[in-house]
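Counting starts at 1 for both ligands and their atoms, following the listed order. Note: hydrogens, waters and symmetry copies are ignored here, and every other heavy atom, side chains too, is used.
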Amino acid sequence: MATITRRKFIDLTKSAILGGAAVAGASALMSGSARSANSDADADKNDTRGEWVIPSYCDVCFMGCGINVTVKNGRAIKIEGNPAHPISRGKLCPRGTGGLGQLYDPDRLKTPLMRTSDNQFKAVSWQEALDHVAGKMKSIMAAHGPESMALLKHGKGADPFERLWHAIGSETEGHPSYAQCRGARDLGWSLTFGKGPGGVERVALDKAQVVAFIGGHLGENMHNVTVQDYTTGLRNGASHIVVDPRFSTAASKAKHWLPIRPGTDIALLLAWTHVLIYEELYNREFIETYATGFDELKAHVEKTTPEWAAPYTGLKARDIRQTARELGAAIPHSLLFPGRRFAWYGDDTQRARAMAIINALLGAWGSESGIFLGDRIKVPGFPYPESHVKAKHAIEDKEKYPLGTSTPVQDIIDATIPGRFKGATQNAPVKGWLVYSTNLVRAVPNPDLIAEAVQHLDLMVVVETMPAEITGYADIVLPDTTYLERYDVMNAPEWREPFVSIRQPVVKPLYQSKPSWWIAKQLAERLGLGEHFNYVNFSEVIDYQLKQMGSSIKDINQKGGVLKKAFEQPEMKFRTPSGKVELFSKTLAKAGFDPMPQFIHHPQPPDNYFRLLYGRTPQHTFSRTSNNAMLLELFPENAVWVNTDIARIYGLKDGQPVVLKNGQGVKSNPVKVRVTKRIRQDCVYMAHGFGRSDQRLTRSYKVGADDNGLLSEYELDPIMGSTGSQVNFVTFV
Ligand SMILES: Nc1nc2c(c(=O)[nH]1)N[C@H]1C(S)=C(S)[C@@H](COP(=O)(O)OP(=O)(O)OC[C@H]3O[C@@H](n4cnc5c(=O)[nH]c(N)nc54)[C@H](O)[C@@H]3O)O[C@H]1N2
Ligand SMILES: Nc1nc2c(c(=O)[nH]1)N[C@H]1C(S)=C(S)[C@@H](COP(=O)(O)OP(=O)(O)OC[C@H]3O[C@@H](n4cnc5c(=O)[nH]c(N)nc54)[C@H](O)[C@@H]3O)O[C@H]1N2
Ligand code: SF4
Ligand SMILES: [Mo]
């Protein structure tokens, strides 16, 4: 085992780390009978007597809110917001508090499982499971190259597997949070501003006076700090414009609700752009100082008047003009909320561009009451050895999506099925999958194709905490710890208050579960690549990194689990080819795409069919919480929202179960109808993540319906491969 070589201190000056800010948190932690974990070993050994409060950060979704977990006699009993943490400020959303339901879910995976010849799972030892996986990986890599092993992943716990992939020399990686989520948004903003709006969106909803939302259903989308700022803004009298075919929670708080015809947002955005430019309501100073391509943009939107957009969008021209004027009048305190889940209709990068362009016209980028610039603490690297192999990718996506920044998961699926991936130099170059913390069959549209792809794999490993649907396709299932039982990489996003926070075990791993870093390290050792995991316990990595910053695990715990530094205002710099905000994108033009967003007509539902829309419910995260007893108590099942007039025509009563069927004949589980005026007549809506199909999920099996199963079709974004999945129509059976 190689030892850690201590490198020189990295000059993130000690003085810049503000221990003081966290002192209040620390003293609260130490009060009464509570103690905080004060060394890396403490939490691992975990004294089972007495009461502890251990800081960490949440993983029920990907905001990374700071939590304080009370542990009594070895059992976690309470999760609260960490007051010292800038992303939670002492408050959590219901899911964060309900994290204990995930830890103590009796349906959790308890042992490694191996598929038997008669397609059952049998419990096996870690030794047997790891030997099997490593043996298979070796033979697959010898025959087809390391790049034939694909890593499909989500979240911070994936980091050790990324390291393993680096060590074997495979770049074949994908995550549904790209082509099924933020990928298109981030690319559209990068093409415009050189950078995206951030993973924790840098949006000053507390300070902005007028905010427009395109979808973006805050209040149901419960991203903690964003929702806190959103409610502060409302309390301070901010006025909101919500564009949504559904009267969302955000719409109910807004001054204007624009119930747009789904799929026509670009028409509205071009009309708003027209009004802002032709009524001279834009931020002239911002545009003249920072932007390029204004004249082309002005010419582009000359004819896209509110009157032009009205028939497409189903909105009144008067309302379109009025809302644009309100946005313009509030400059420099107005913004267009960037949204997050962007895989809607296949022109998603262009919709993101249209939204970014409006934010440029408002001068919102870099404004303290708009899309503010953040600062971050750079976490020093750990002295991992370099890989001696040159990493390869199984598929040449660079030709397919020259502007893409990751590999769409559907391309990895296609590259697994003989004859399906167009442009691949080899037929079905992907032979093995390791799936970490992503329930692909519930997250990627057309899940039947996943079932098909899996048949062609030589190895399918799933590292999970729950018997999620995807585990049902695996040869080997490895039980991971939950985020409350392990160390993970630290969280240090760009934000108004730059900070670092740690994730650490608050209780010992339950059952036979093992932390992801341990699993990856064990595999590496069996593959002869153990030197890439040059630590015994991952806590050494965290402690080393903290020491480079003049802290340590012990120190950060005494400071309440967070280190902060003083905010330094970043420069207004745009990492675009021109160094300016690009209203006209030469990059897009060069790659053969429209340099400015165009409105495309998307098919509307045929008679008797309704567009299937889906989104969030405040109490759940995707399919990861739908078996969580604490959260099921708050929201037991999803329902399908149906407009009152449509319900009358179809004779549907509120609460009555109904089966949905899509255009390809795929049917849902029975799901209760919610008859409501809060949705347009041409669409129906449901919360994502329900209708589980694995019987081992005892609380959620067949409860409610699965939206993803009905998403047989998707419209691909030609620029980066986003799977626009709001193109499916359903009818009532
Ligand atoms: N139909 C439909 N599809 C969607 C969406 C939608 O709204 N509707 N939303 C899209 C969006 S925005 C996103 S970001 C993606 C997200 O999609 P996914 O990446 O699939 O995210 P989750 O549903 O959170 O799946 C996480 C899986 O990880 C498991 N898990 C939880 N904690 C741990 C852990 O600590 N370790 C391990 N190993 N496993 C763990 C859970 O049990 C769950 O099965 O889905 C996209 N796909
Ligand atoms: N509670 C909770 N919060 C979450 C999550 C969670 O699982 N649970 N997941 C997090 C993640 S990873 C993400 S990506 C975000 C996703 O959350 P958002 O980014 O807010 O998702 P959207 O797709 O913008 O929002 C869905 C809304 O768009 C509306 N909509 C549908 N079609 C159209 C259309 O054509 N035009 C317009 N203007 N609106 C339309 C729907 O009616 C719905 O209200 O949520 C995050 N927050
Ligand atoms: S928003 Fe909620 S679920 Fe997400 S990290 Fe924060 S507390 Fe956890
Ligand atoms: Mo997402």
Distance under 6.0 Å and angle within 45° of the ring axis: does [X] meet both against [Y]?
| X | Y | value |
| --- | --- | --- |
| Arg246 | Trp641 | yes |
| Arg611 | Phe729 | no |
| Arg376 | Trp495 | no |

Residue, atom name and distance, where the atom is the protein heavy atom closest to [atom]:
| atom | result |
| --- | --- |
| atom 22 (P) of ligand 2 | Gly216 N, 3.8 Å |
| atom 40 (C) of ligand 2 | Pro245 CD, 3.2 Å |
| atom 12 (S) of ligand 2 | Phe622 CZ, 3.3 Å |
| atom 43 (C) of ligand 2 | Asp244 OD2, 3.5 Å |
| atom 25 (O) of ligand 2 | His217 ND1, 3.1 Å |
| atom 14 (S) of ligand 2 | Cys181 SG, 3.2 Å |
| atom 9 (N) of ligand 2 | Arg616 NE, 3.1 Å |
| atom 32 (N) of ligand 2 | Gln726 NE2, 3.0 Å |

Is [Y] paired with [X] through a side-chain N to carboxylate O contact shorter than 4.0 Å?
| X | Y | result |
| --- | --- | --- |
| Asp480 | Arg486 | yes |
| Glu201 | Arg185 | yes |
| Arg442 | Asp707 | no |
| Lys195 | Glu494 | yes |
| Arg182 | Asp348 | no |

Per atom 13 (C) of ligand 2, closest listed option by heavy atom (Arg246, His602, Arg340): Arg340
Between [X] and ligand 2, does any nitrogen or oxygen pair lie at a separation below 3.5 Å?
| X | result |
| --- | --- |
| Trp344 | yes |
| Ile260 | no |
| Arg261 | no |
| Leu613 | no |
| Ser248 | no |

Just which atoms of ligand 2 are under 4.0 Å from any heavy atom in [X]?
| X | result |
| --- | --- |
| Glu220 | 1 (N), 2 (C), 3 (N) |
| His620 | 1 (N), 2 (C), 6 (C), 7 (O), 8 (N) |
| Asp265 | 34 (C), 35 (O), 36 (N), 37 (C), 38 (N) |
| Arg341 | 14 (S), 16 (C), 19 (O), 21 (O), 23 (O) |
| Thr621 | 6 (C), 7 (O), 8 (N) |
| Gly263 | 35 (O) |
| Pro262 | 35 (O) |

Below 30° counts as parallel, above 60° as perpendicular, anything between as tilted: where do the rings of Phe732 and Phe610 land? tilted
Kindly assign one of parallel, tilted or perpendicular to the pair Tyr312 and His601, based on the angle between their ring planes and the thresholds 30° and 60°. perpendicular
Between the CD atom in Gln504 and the CD atom in Glu485, the distance rounded to the nearest 0.5 Å is 13.5 Å
Does [X] have a non-hydrogen atom less than 4.0 Å from ligand 2?
| X | result |
| --- | --- |
| Arg182 | no |
| Gly215 | yes |
| Arg95 | yes |
| Thr617 | yes |
| Tyr345 | yes |

Counting heavy atoms under 4.0 Å, the part of Val243 that contacts ligand 2 is both
Structural part of Pro618 in contact with ligand 2, heavy atom criterion under 4.0 angstrom: backbone
Less than 6.0 Å separating the ring centroids of [X] and [Y]?
| X | Y | value |
| --- | --- | --- |
| His85 | Tyr57 | no |
| Phe690 | His620 | yes |
| Tyr230 | Phe337 | no |
| Tyr178 | Phe342 | no |

If you look only at pairs with a residue in residues 265-274, which of them pass as a side-chain hydrogen bond (donor to acceptor under 3.5 Å, both in side chains), with sequence neighbours excluded? Trp272-Thr323
Check the pair Lys156, Asp59 against salt bridge (charged side-chain N to carboxylate O under 4.0 Å, His left out), reporting the backbone distance first and the verdict last. CA-CA 8 Å; Lys156 291 271 200 280; Asp59 193 42; over 6 Å; no
Shell check on atom 6 (Fe) of ligand 3: protein N, O or S atoms less than 2.8 Å away are Cys65 SG
Those residues that, when tested against Ala356, pass side chain to side chain contact (heavy atoms under 4.5 Å, CB included) (two or more places apart): Trp189, Thr192, Phe193
Using the side chain to side chain contact (heavy atoms under 4.5 Å, CB included) criterion, which residues pair with Gln228? Sequence neighbours excluded. Arg89, Lys91, Asn224
Is it true that atom CD of Glu633 has more than 12 heavy atoms of other residues, nucleotides or ligands lying nearer than 6.0 Å? no
